[in-house]
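Chain letters run A, B, ... following the sequence lines, proteins first, then strands; residues in each count from 1. Only heavy atoms go into these numbers, but all of them, side chains included; no hydrogens, no water, no symmetry mates.
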Amino acid sequence: MKNDMTDLIDDLKWRGLISQTTDEKELREALKKPITLYLGTDPTAPSIHVGNLVVLLVLRRFQLAGHHTLPLIGGATGLVGDPSGKNDERTLNTTEVVEQWVNRMTKQLSKFMDFETKQNPAKMVNNLDWTAPMSAIEFLRDIGKHFSVNQMLNKDSVSTRLEKDGISYTEFSYQVLQSMDYLELYRSYNCTLQIGGSDQWGNITAGLDLIRRAEGGSAHALTVPLLTKADGSKFGKTAGGAVWIDPEMTSPYAFFQYWLNSDDKDVIKFIKVFSFKSRAEIEALEKTHNENPGAREAHRELARELTALVHSPEIAVRVEAAARALFGQGDINELDEATLASALAELPRTQVKSGEEIPTWVDLLAATGVVDSKSAARRIVKEGGAYLNNEKIEGEDFRLEKLHFLCGKYAVLRKGKRDLAAVELI
RNA sequence: GGCGGGUUGCCCGAGCGGCCAAUGGGAGGGGACUGUAAAUCCCCCGGCUCUGCCUUCGAAGGUUCAAAUCCUUCACCCGCCA
């Protein structure tokens, strides 16, 4: 584990990972020695996605720099709902659902932190542990008394909502719950820094106020800017929705492709944010990229590193090989069975039994899931966007034959330029 | 509690008895150009056993030859008044 805690802030700044901090001088001073910090993530979905990853990797950077990290799961706050950055009140999820998500996220978060290291192992905490046992009376007397409603109303997350459709008491209380977390961790772990997305500034500073009032203590805050894309669209979203960490929800292949297809104008920014490469390495990549963006060296490195981190180095190698093998360059018929099989392993697929009649072209496309319906499949075929083994097929009723199965086993379907699927003959 | 306004396809938002699977924009998809990029241009964008049929316009009933459009009830949202 490298130990460069003196220039951590500089590094984060260079990577564009700092939006706001409390007094920077003091923070830098504090960071000269190992401190304890936390990052909270609420279970609002069955998986974390690449958007959550931005801050999570900042937490990892802190750990790598020798600090003590407390990844926090919002088992309690997830039941209440954070109004920050939301235009509308959220419908509450059932406790069972949230509990399930907590379990899944706990597992996922563990991937990015080191719990084994001797010097500064990460410690997972769940705010339900100290929130659930508290009574309403305790809450109002011990915590509520430190909060001024006037100040609470002034928080961005609340005031925007007051101007719109209003806010429930439940979500209004969110900032108090999050503040309790910071106070609790300050007390039991001497946690003196909370990090989060820039939309969390209000919630985090509410916690600082609470620590000051309840304990007379002082602590720090650091927020990470919202990651934006050059074309103005939302980072981390595709047609199919968010890019998830869970391989069941976003296949490792699709995950790799997401990064590989990054806009040229974004790729260096993304590398700074997500990669653990050194500044020198990144600057070298930037140079390569500017000289020949078409080669997409930077894209490839980004995709490789993240897929390896989120899934595994083995999977990263496999999906990249799949892309290379299947993407037109070179004759797909030349591939040997082993390469083909591993290339297709991460793709959506359908099977057809030998001996039985093979479905028509349109039915087959629909069966693999590269298109949503048969109508969509027909449309794609009509528009000339359906390919079999890299050859355009324009007949809706076309049927595959034995000879179309590469190595006697696999057929590669493609919709458009980059949507691949496999048909396996069994 | 009273009065008024609203709920339309992924999102925003027209339509206000037949010409409505429903204008327009955005998002999304295919093609051309390229580099599995961006920009641009063309096309598409509910489903199906596809010259037709089926299901959609908050929910359930009703009026009518015919309803997203009219009536009734219910649910939710937003205003104003109490």
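- Nucleotides B:rC43 and B:rC53 have their C1' atoms positioned 26 Å apart, rounded to a whole Å.
- Between the CG atom of A:D246 and the NZ atom of A:K107 there is a distance of 10.0 Å, given to the nearest 0.5 Å.
- Dense packing is recorded around CG of A:L403, with more than 12 heavy atoms of other residues, nucleotides or ligands lying under 6.0 Å away.
- Remark on RNA chain B: of its neighbouring residues A:K392 and A:L260, the 5'-side contact belongs to A:K392, judged by nearest-heavy-atom nucleotide.
- Checking the phosphate oxygens (OP1, OP2) of B:rC45, no side-chain nitrogen or oxygen of A:S375 falls inside 4.0 Å.
- As a whole-Å value, the separation of A:R324 CZ from B:rU36 C1' is 14 Å.
- With 3.5 Å as the limit, one finds no donor-acceptor pair spanning the side chains of A:N103 and A:Q100.
- Residue contacts for A:R296: at a heavy-atom cut-off of 4.0 Å it reaches a base atom on one of the strands shown.
- Rounded to an integer number of Å, the gap from A:K374 NZ to B:rU49 P is 4 Å.
- B:rC41 is paired with B:rG31 under the Watson-Crick or G-U wobble criterion, all donor-acceptor distances under 3.5 Å.
- Taking a pair to require two hydrogen-bonding distances under 3.5 Å in either a Watson-Crick or a G-U wobble arrangement, B:rC20 remains unpaired.
- For A:F255 and A:W244, the ring centers are positioned 6.0 Å apart or more.
- Following rounding to the nearest Å, A:N261 (CG) and B:rG28 (P) show an atom-to-atom distance of 13 Å.
- Nucleic acid contact class of A:K382 (heavy atoms, under 4.0 Å, all strands): none.
- Of the C1' atoms belonging to B:rG13 and B:rC54, the separation is 27 Å, rounded to the nearest Å.
- If A:D264 and A:A386 are placed on RNA chain B by their nearest nucleotide, the residue sitting closer to the 5' end is A:A386.
- Contact between the side-chain N/O atoms of A:R418 and the OP1/OP2 oxygens of B:rA37 is found at a separation under 4.0 Å.
- Taking the six-membered ring wherever Trp is involved, the centroid distance between the rings of A:F274 and A:F235 falls below 6.0 Å.
- Separating the CZ atom of A:R379 from the P atom of B:rG31 is a distance of 14 Å, rounded to the nearest angstrom.
- Contact annotation for A:G385: backbone-only contact, meaning every heavy-atom pair under 4.0 Å involves sugar-phosphate atoms and none involves a base.
- A donor-acceptor contact under 3.5 Å is not formed by the side chain of A:D419 with the base of B:rG29.
- For A:K417 and B:rU34, a side-chain-to-base donor-acceptor distance below 3.5 Å is present, hydrogens and geometry of angles not being considered.
- Rounded to a whole Å, the CG atom of A:N390 is 12 Å from the P atom of B:rU36.
- Counting heavy-atom neighbours within 6.0 Å of A:N292 CG, excluding the residue itself, gives a total above 12.
- On the P atoms, B:rU69 is 11 Å away from B:rG17, given to the nearest whole Å.
- Using a 4.0 Å heavy-atom cutoff across all strands shown, A:D263 reaches sugar-phosphate atoms only and no base atom.
- Comparing B:rA14 with B:rC33, their C1' atoms are spaced 36 Å from each other, to the whole Å.
- Within 4.0 Å of A:Y387, counting heavy atoms only, lie sugar-phosphate atoms of the nucleic acid but no base atom.
- Between B:rG6 and B:rA82, the distance separating the two P atoms is 23 Å to the nearest Å.
- For A:Y253 and B:rU36, the shortest distance from a side-chain N or O to OP1 or OP2 is not below 4.0 Å.
- Nucleotides B:rG47 and B:rC10 are separated by 10 Å at their P atoms, to the nearest Å.
- When distances run from any side-chain atom of A:E383 to the nucleotides B:rC43, B:rC45, B:rU34, the shortest one goes to B:rC43.
- The partner of B:rA59 is B:rU73, judged by Watson-Crick or G-U wobble contacts that both fall below 3.5 Å.
- Comparing the P positions of B:rA68 and B:rG9 gives a spacing of 14 Å, expressed to the nearest Å.
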